[in-house]
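When a ligand or atom number is given, it counts from 1 through the structure's own listing order.
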Amino acid sequence: MYIGSQGVQGLHHLIYEVVDNSVDESLAGFCDKIDVVIGASGTVTVEDNGRGIPVDIHKAEGISAVEVVMTKLHAGGKFDKQTYKVSGGLHGVGVSVVNALSESLDVEIYRNGNVYHQHYEKGAPKGKLEIIGKTKRRGTKITFKPDESIFETTEFNYDVLAKRMRELSFLNKGVNISITDEKTDQTKEFLYKGGIIEFVEYLNRKRTPLHKTPIYIEGAKDNIIVEVALQYNDSYNEQILTFANNIATTEGGSHLSGFKTALTRTINNYINASNLSKNLKVKLDGDDSREGLSSVISIKLPEPQFEGQTKTKLGNSEVRGQVETLLYEKLTSFLEENPSVAKKIVNKVVDAARAREAARKAKEIARKKGGLIEGSLSGTLADCQEKNPHHAELYLVEGESAGGSAKQGRDRRFQAILPLKGKILNVEKARFDKIISSEQIRNLVLALGTGLGKEEYSLEKLRYHKVIIMTDADVDGAHIRTLLLTFFYRQLPEIIEKGYLYIAQPPLYRVAAGKKETYIKDEYRFQDYILNRAVENRELSSPTESLKGQKLTNLVKNLVAFQNQVDRFSRRGYPSTLWEALLSYISDSGLRFSDREWAQDLADYLRENGQPIDGPEFDEEHNDYFLSLTLAQNGKHKTRLGRELMKKDEMVRLFQLYKLLQSLRATPYVLKQNGREREANSKEELLNLLTAEGQRGLKIQRYKGLGEMNPDQLWSTTMDPETRTLLRVQVEDAIEADEIFTVLMGDKVEPRRDFIQGNALYVRELDI
Ligand code: 0RA
């Protein structure tokens, strides 16, 4: 496989590959805008404002240059080797591989005053490169749909992609990169004129930096370009991100070791040269010089060698010395020229060395008490019989009473229970010596078996490969869960990385109809349950049709899907009344945006129906007409209503659903049951009516505490492997995660308040 894997990573690489070509175009100085859009049903569009892929006939091949780029392996972007191709993706395979792995691909090029278009399927051109319109701009737009028969999944992960796009714009200063997910309506735009200096400021922006601006060092030698930015903050965490040719080298490598050596050496020298060293009773080690350090190292080199387990370790040995020398020289002069900054850094480092010494002593005391590995567990853990960690589970349960229920309800053969007494220590605000003197943490670490801290910790000793956090669905539960997540993320990150950490999902609802009670996991299933009840023994009539039973069930399903889509459009500012008018018009007369009269009639019809429509206007890039629609948000923003919108997957789907809802074309709708009749006059009203009817006679309880369940219920709803749902904790975006932990658990109040206010809208229900 050229793209690395058929899993989600390989899928993402398709996007990276295409984007890399645009980034190359920007490195060459011709492009400063790249837009990535994930379509609602699996397409991806990458558009840039570069020179546009050449369209002339390629002499050797006898076909257009675009077609060569799109179909020949390793043709990549550029033909001339002179161009220094820096990004080139992890495998640098070129767009032709993306094309070959795509069900369909469309390329549009804006060049020579023309718009060119060509369509491909599974890598093969279907038709020639054609001129479809006129334009004044330049650039390339590639839309592809990954082949479902090749990839295990075709679901893109927005957060992962957004993280990568942000990274790319930090690493390539001045390029504006945006990413939009039309499935979830998320969008982000990145532009960093300061490059990696801003990257470091970003890493530290929720922290308190020790010096105002990051230290920036750059240099180039033998075709290798080195850039380093660093800034200390008052936390105890080290965050160093390294890149080679825009690729994250998470396993480090020669650039990182050169950096570390130089940093320690420079600071040591500085301390020795001043008279500070007399007051310092302990010797510095490398870790001390990196406490509270945020840094980005980015290097660009002609032939990177990637090694290591995940091929993310830079191998080129010549880089080590180069980074080391450059950093040593420039950092030494920086410290000499900026004594006040130097003083702050040195104080921080000396402080770290002293704290390390204190932690060592605290550990010794802890060890005398039995240590963090062999110590006794003060009787709280109810262990399981299973000794093989693969099959053993540990539940971390909030509160003694839920802990008691869990102990009774569990399967003792493989499930261990550790009840937690109230809140655990917030490790974000504590240094290591304090962490290991906490009783709760000692118990937790003893139960896990791994030990803690550099010298002692070992993942092999972990006694359970499922560690499951089980807390109440209220504010306290969320707080305890966050404290535990903070602990694992900061102190035992490998448990998360290996996928051993889970969150239990107690049911959200208990509904009782008479004596029959049911537990329901989530909102989605709750809605399903209610609507199923709503259609039982009921009949729905419209002026044209009457439905019941399975037909009615199907209709309601489609209605929910239709309404969900309408809601999503509404959130983007489209009027919710637009669709009924638009879809009924086009289901009668078809889609003919190249026909001026048709477009004029459509505009008139929509205006008659109260829609804020302008146009039609002519689109010379595509030789057709479009209308303009004013979006509800602040009444200013306009969008095009034309061929492009109607071709979108989500529009196609909405239209399909509309057709499946033919029986609802005329109003009013009447819902009947045993002579009871209720009326609705729109699809939206009908859905509200069904929801209300479905809840009649039900006792609905939204669940709060685990304590509300007896041991049997706890077992069958939350702990039984056959029926339970567990959420696996994954860190999709380490930078974002770091930031959230810093904000939520750190000691700056301001950013925490902003975070809470900013996210309050996303909280559906808050039980206090
Ligand atoms: C070959 C040559 C030139 C540009 C490109 C390819 C190019 C490829 C891609 C892929 C996505 N966006 C792109 N933008 C440009 C140079 C063309 C010239 O000299 O005008």
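Ile586 is listed as a side-chain neighbour of Phe655, based on a closest heavy-atom distance under 4.5 Å. Contact annotation: the side chain of Phe190 never approaches that of Glu167 to less than 4.5 Å [non-hydrogen atoms, C-beta and beyond].
Only side-chain heavy atoms of Arg111 come within less than 4.0 Å of ligand 1; its backbone N, CA, C and O stay farther off. When non-hydrogen atoms are compared, ligand 1 lies under 4.0 Å from neither the backbone nor the side chain of Val69. Counting heavy atoms closer than 4.0 Å to ligand 1, residue Arg138 contributes side-chain atoms (C-beta onward) but none from N, CA, C or O.
Close approach of ligand 1 to Asn21 (heavy-atom distance below 4.0 Å) involves ligand atoms 10 (C), 11 (C). Heavy-atom proximity to Thr140, at under 4.0 Å, picks out these atoms of ligand 1: 12 (N), 13 (C), 14 (N). Interface atoms of ligand 1 facing Glu25, defined by a heavy-atom separation under 4.0 Å, are 4 (C), 7 (C), 14 (N), 15 (C).
Taking Ser104 as the reference, His119, Glu121, Lys145 meet the side-chain contact (heavy atoms from CB on, under 4.5 Å) condition, with sequence neighbours excluded.
Distance check, rounded to the nearest 0.5 Å: CG of Asp106 to NZ of Lys126 gives 13.0 Å.
Between Phe562 and Tyr658, the angle of the ring planes lies from 30° to 60°, which puts this pair in the tilted group. Ring-plane geometry between Phe199 and Phe170 is classed as parallel, the angle between the planes falling under 30 degrees on a 0 to 90 degree scale with a further cut at 60.
Proximity annotation for atom 8 (C) of ligand 1: of Ile53, Val68, Val18, Ile53 comes nearest, heavy atoms only. Heavy-atom proximity to atom 19 (O) of ligand 1, evaluated over Arg51, Met70, Lys141, is greatest for Arg51.
Considering backbone and side-chain N/O of Asp48, one or more are found under 3.5 Å from N/O of ligand 1.
Exactly one residue among Leu293, Leu203, Val200 makes a side-chain contact (heavy atoms from CB on, under 4.5 Å) with Gln239. That residue is Leu203.
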